[in-house]
Amino acid sequence: MAMAEESQEIGGIHFPFPFPPYPIQKDFMVELYKVLEGGKIGIFESPTGTGKSLSLLCGALSWLRDFEQKKLQAEARLLAPGSGPTSGEKNPLLSSSSRREPSDTSRPAGEPDWVTEFVKKKDERDLVERLREEQVRRRKREERLQVCQDGRLRFAAKRMKQEEEETEALLRLSREMLAAGSGSEQLEQLECGEEHLVLAEYESDEERRGSRVDEAEDDLEEEHITKIYYCSRTHSQLAQFVREVLKSPFGKETRLVSLGSRQNLCVNEDVKNLGSVQLMNDRCVDMQRSKREKNMTREDKPKRKTQKIQASCPFYNHEQMELLRDEILLEVKDMEQLVALGKEARACPYYGSRFAIPAAQLVVLPYPMLLHAATRQAAGIRLQGQVVIIDEAHNLIDTITNIHSTEVNGSQLCQAHSQLLQYMERYGKRLKAKNLMYIKQILYLLEKFVAVLGGNVKQNPSTQSLLQTGSELKSINDFLFQSQVDNINFFKVQRYLEKSMLSRKLFGFTERFGVVLPSLSDSQENQGLGGFQQFLKSLQSGPTEDSLEEGQAMPLRPASPLMHIEAFLAALTTANQDGRVIVNRQGSVGQSSLKFLLLNPAVHFAQVVKECRAVVIAGGTMQPVSDFREQLLASCGVEAARVVEFSCGHVIPPDNILPLIICSGPSNQQLEFTYQRRELPQMMEETGRILCNLCNVVPGGLVCFLPSYEYLRQVHAHWDKTGLLARLSVRKKIFQEPKRASQVEQVLMAYSKCIMSCSHSEGHLTGALLLSVVGGKMSEGINFSDDLGRCVVMVGMPYPNIQSPELQEKMAYLDQTLSRTQGQPRPGTVLIENLCMKAVNQSIGRAIRHQRDFASIVLLDHRYARPSILAKLPAWIRDRVEVKATFGPAFAAMRKFHREKSHPCLV
């Protein structure tokens with residue numbers, strides 16, 4: 001990995017960097033290097049504006065560069081004539097991610113020396129042989145990438161040839177149809193399509209071991225080199241990281257691959273127009289299977305006329321995807337460039353990027369692909385011996401929990417039962433015995449699940465009213481016993497659904513024959529999306545449900561209800577102590593639901609930690625980190641000595657920030673915004689008076705965070721009634737955070753434009769006041785830099801709803817499973833505090849965004865002064881915070897701070 005710029009030596013390590021790094025960036029990269037070198041688990045916190053992404057990038061790729069160099073040197077020594085492995089020497093080759101059988105168990109005691117020597121020499125020969133094979137593969141890969149420089153000419157030639165072949169095929173088909181008559185051809189296609197819906201003989205795993213594998217895909221299989229997997233929350237954050245790579249000294253030499261969903265990478269317009277993530281996935285898989293079946297028909301049954309079930313994807317061409325793979329590895333490309341290249345080459349970027357994973361040095365991907373085992377396997381991601389960096393990881397625990405939690409409603413259960421029953425009645429005589437057995441088991445499960453909700457599958461769920469409503473929270477075993485399905489092996493049912501693709505066949509069956517199903521409203525359909533599908537949906541940009549409310553059409557076609565139920569059935573295979581089932585009976589059977597709640601996210605994170613060489617969990621605000629240590633890492637079996645925690649300060653000068661905790665308002669009213677007190681008129685009025693005073697001394701923009709949208713509405717209405725709103729409007733124009741995501745950008749633009757115009761005028765308005773919500777659209781990912789956020793005010797402590805059954809069960813689970821130090825609060829209580837402070841830290845971190853920025857941070861609640869709460873603020877804020885018992889001194893400090901920063905020449 002050759003570098004284009006000179007390296008800077010920091011702590012004996014050479015770190016290429018595009019500019020002289022800050023001291024905290026130097027410390028960050030050195031600690032990161034040590035974590036990767038030592039195979040540790042690192043929790044890294046670096047505030048926004050300190051160059052965290054660039055530090056992660058340069059530190060990790062510097063380690064990878066040195067690791068590859070050490071590996072090549074060790075390889076050269078081993079392959080040199082007359083040399084061999086030296087006992088006691090730490091060999092980087094043993095950490096290689098190449099696929100190999102792990103060395104088995106230790107040798108039995110008393111084994112003869114000649115046997116031990118023979119085994120040792122055999123291991124050495126195997127190692128040398130494997131190294132020679134790796135050398136050959138590496139040389140071929142480099143030669144392939146060298147000749148890929150003129151790959152665009154090859155793309156053009158291939159494309160022209162393909163277009164000619166398609167034109168010729170269409171002409172030939174037209175002549176055949178004229179000769180044979182189109183009516184019989186259409187009838188045959190309909191019959192073939194119906195045959196395609198019938199389940200093939202289901203094979204167990206043991207029967208499938210000897211089955212034929214697609215040779216073309218085998219040809220694309222490569223050995224995985226040591227690499228870094230970098231993942232973040234959204235595609236926009238990943239795109240920003242790729243731009244950082246391009247600007248860094250590693251930009252020209254790093255083999256980088258960007259992974260995404262089909263919604264982001266598919267170039268087949270017919271598939272993209274389906275809208276739904278699940279439908280796109282299913283149609284893509286069906287088109288691939290259609291292509292394989294047509295190839296098998298041509299090869300194995302030459303006398304039979306080719307059956308055209310549906311059109312195969314023209315972009316799923318292995319030769320073209322091989323060329324696309326090499327183009328991806330040749331230079332760094334973001335997702336937009338990848339899609340454009342795929343269209344030009346008529347090759348699928350979704351699969352082409354996956355074929356490039358083995359030879360890539362840096363793989364950029366969103367959270368779910370790494371944290372969801374089935375998706376990870378489908379994408380071809382292998383973590384053995386690799387490095388994983390999880391950025392923006394402040395909500396990692398919630399992300400894992402949400403991905404693996406799922407909910408199905410009564411309408412979906414009834415629909416799936418009706419759909420599957422009609423399918424069995426039509427094809428029952430053509431199905432194999434094993435298929436019939438599993439279908440009947442699934443029908444039985446659906447029937448019992450509806451019965452638990454108080455309904456009957458034979459009736460319309462929307463018309464079945466419930467006499468008793470409410471929620472019950474049950475363990476997995478209790479739910480299975482109550483449902484009378486404890487005698488069914490859910491592991492086998494899950495495996496059958498995956499291998500047989502029954503839900504896709506049911507979807508095609510319903511489309512073809514117009515199967516009548518019980519009613520299912522759009523809201524019920526969206527409610528029943530599995531946690532993983534909901535998370536995928538949250539990553540996408542574009543229309544949302546809000547646009548539907550405004551009358552804008554969004555073409556989303558509902559998938560088969562069985563697709564959602566599959567995720568629920570899979571969740572029921574979780575260990576009894578690690579999850580719960582919530583039976584929610586509301587109004588009618590159709591509105592009622594079954595929800596699986598994951599209590600222990602460590603069961604899904606454990607495999608990542610176990611397989612990877614090193615894992616880095618990074619974010620701008622990671623406090624409090626006790627959740628990561630106890631709920632995630634300790635529960636995964638990670639020893640405390642393997643966990644390294646690093647938190648760096650901010651790049652701003654100490655006097656560029658003023659954090660204040662204000663315990664009382666202007667009228668000496670103690671500030672305590674508990675759920676019982678925050679709606680009192682005197683508390684809302686005191687908050688308004690504080691903001692009025694702050695608006696008089698704070699220039700530019702002031703962002704005020706309140707606990708909820710409902711409280712924001714109540715406060716705004718009370719201020720309007722008492723005249724406080726008019727007083728606030730004298731100095732600042734007031735904006736409110738909208739509930740609809742589609743309106744956020746519009747409000748932010750108006751807020752920014754108002755501040756800009758006020759800075760260039762000498763009117764009575766000095767800026768704008770933005771009323772926002774903790775955990776809302778503007779508390780994460782929005783930068784209120786410079787005049788957009790000269791002051792951030794946090795009203796109260798946004799504790800979660802402790803009455804929530806899910807939260808209560810989570811607290812009880814932690815109290816039972818985590819150890820408690822004497823004199824310390826229970827783990828469940830600590831969870832509540834940590835959730836509150838994570839939300840606070842994310843919100844107040846919106847202001848300071850670069851080295852020359854300055855802002856004040858105001859925490860309105862006397863409870864912030866408690867030592868246990870203060871300890872959970874970020875270090876760069878905690879070290880400078882001032883506690884003000886009364887409002888007078890706090891207001892004087894605010895006025896002095898902003899006067900000095902806004903008019904330094906007057907000081």
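In what follows, residues are counted from 1 in the order of the sequence shown.
- Shown are Arg713, Met683, Glu685; of these, the side chain to side chain contact (heavy atoms under 4.5 Å, CB included) with His718 is made only by Glu685.
- Across all non-hydrogen atoms, the minimal contact from Pro601 to Lys810 is CD-NZ, 3.7 Å.
- For the pair Val792/Ser843, no side-chain contact is recorded, criterion being any heavy-atom separation below 4.5 Å from C-beta on.
- Here CG of Asp391 is found 5.5 Å from CG of Leu56. Values are rounded to the nearest 0.5 Å.
- For Asp627, there are no salt bridge (charged side-chain N to carboxylate O under 4.0 Å, His left out) partners, not counting sequence neighbours.
- A donor-acceptor pair is defined here as one N or O able to donate and one able to accept, closer than 3.5 Å; such a pair exists between the side chain of Glu45 and the backbone of Met622.
- Under the 3.5 Å distance criterion, with hydrogens and angles disregarded, a donor-acceptor pair is assigned to the side chains of Ser804 and Glu806.
- With rounding to the nearest 0.5 angstrom, the OH atom of Tyr230 is 4.5 Å from the OG atom of Ser53.
- The two residues Trp719 and Met684 have their closest heavy-atom pair at NE1-O, 2.8 Å.
- Between the side chains of Glu710 and Gln714, a donor-acceptor pair is found at a separation under 3.5 Å.
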Legend entry - Derivation and outcome, side-chain contact (heavy atoms from CB on, under 4.5 Å), residues Arg678 and Ser708: CA-CA 12 Å; Arg678 70 187 186 189; Ser708 66; 4.3 Å; yes
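- Residues Val644 and Glu31 approach most closely at CG1-OE1, 4.4 Å, considering heavy atoms.
- Taking 4.5 Å as the limit, every side-chain heavy atom of Phe628 sits out of range of all side-chain heavy atoms of Val643.
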Inset, instruction - Could you walk me through whether Lys872 and Val830 pass the side-chain contact (heavy atoms from CB on, under 4.5 Å) test, one step at a time? - result: CA-CA 11 Å; Lys872 294 176 181 178; Val830 174; 4.2 Å; yes
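- Counting only heavy atoms from C-beta outward, the side chains of Leu54 and Phe19 approach each other to under 4.5 Å.
- Residue Arg629 holds its CZ atom at 11.5 Å from CD1 of Ile41, rounded to the nearest 0.5 Å.
- A donor-acceptor pair is defined here as one N or O able to donate and one able to accept, closer than 3.5 Å; such a pair exists between the side chain of Ser405 and the backbone of Leu598.
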Inset, instruction - Apply side-chain contact (heavy atoms from CB on, under 4.5 Å) to Phe646 and Asp27, showing your working. - result: CA-CA 9 Å; Phe646 176 80; Asp27 296 340; 3.9 Å; yes
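- Looking at heavy atoms from C-beta onward, Ser471 lies in side-chain contact with Asn584 at the 4.5 angstrom threshold.
- At a cut-off of 3.5 Å, with distance as the only test, no side-chain donor of Glu392 or Ser232 sits close to an acceptor on the other residue.
- With rounding to the nearest 0.5 Å, the separation of NE2 in His862 from CD1 in Ile869 is 11.5 Å.
- A donor-acceptor pair is defined here as one N or O able to donate and one able to accept, closer than 3.5 Å; such a pair exists between the side chain of Lys838 and the backbone of Pro624.
- Looking at Gln746, its side chain never comes within 3.5 Å of a backbone N or O of Gln743 through a donor-acceptor pair.
- If you take CZ on Arg880 and CD1 on Ile657, they are separated by 6.0 Å, rounding to the nearest 0.5 Å.
- In this structure, Glu686 contributes its side chain and Ser667 its backbone to a donor-acceptor pair below 3.5 Å.
- Side-chain atoms of Leu807 and Asn801, non-hydrogen and from C-beta on, never get closer than 4.5 Å to each other.
- The only member of Leu671, Ile844, Leu660, Val795 that meets side chain to side chain contact (heavy atoms under 4.5 Å, CB included) when paired with Leu859 is Ile844.
- Of all heavy-atom pairs between Cys695 and Thr766, the closest is O-OG1, 4.0 Å.
- Scanning both residues, Cys704 and Leu691, for their nearest heavy atoms gives SG-CD1, 4.0 Å.
- With values rounded to the nearest 0.5 angstrom, Gln816 atom CD is found 11.0 Å from Arg826 atom CZ.
- Other residues, nucleotides and ligands contribute only 12 or fewer heavy atoms inside 6.0 Å of the CZ atom of Arg852.
- Residues Gln623 and Ala871 approach most closely at OE1-O, 4.3 Å, considering heavy atoms.
- Although no hydrogens or angles enter the test, the distance criterion places no donor-acceptor pair under 3.5 Å between the side chain of Gln631 and the main chain of Ala602.
- Using a distance-only test at 3.5 Å, with no hydrogens or angles considered, no donor-acceptor pair links the side chain of Asp787 to the main chain of Gly700.
- Checked by atom type, the side-chain pair Asn834/Ser626 shows a donor-acceptor distance below 3.5 Å.
- Look at Asp655 and Lys901 and you find a salt bridge, because one of the NZ, NE, NH1 or NH2 atoms lies within 4.0 Å of a carboxylate O, short of that distance.
- Residue-environment remark: CD (Glu472) exceeds the threshold of 12 foreign heavy atoms within 6.0 Å.
- At least one side-chain heavy atom of Val747 sits less than 4.5 Å from a side-chain heavy atom of Pro738.
- Listed for the Ser757 side chain is a donor-acceptor partner under 3.5 Å among the backbone atoms of Cys754.
- With hydrogens and angles disregarded, a donor-acceptor distance shorter than 3.5 Å links the side chain of Tyr751 to the backbone of Leu788.
- Between Asn395 and Tyr367, some side-chain heavy-atom pair lies under the 4.5 Å cut-off.
- Within 6.0 Å of the CG atom in Leu680, the count of heavy atoms belonging to other residues, nucleotides or ligands exceeds 12.
- The existence of a salt bridge linking Asp853 and Arg790 is confirmed by a sub-4.0 Å separation between a basic side-chain nitrogen and an acidic carboxylate oxygen.
- The shortest distance between side-chain heavy atoms of Val698 and Arg731 does not fall below 4.5 Å.
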Inset, instruction - Could you please spell out the steps behind the side-chain contact (heavy atoms from CB on, under 4.5 Å) verdict for Arg233 and Thr399? - result: CA-CA 9 Å; Arg233 192 169 59 91; Thr399 297; 5.5 Å; no
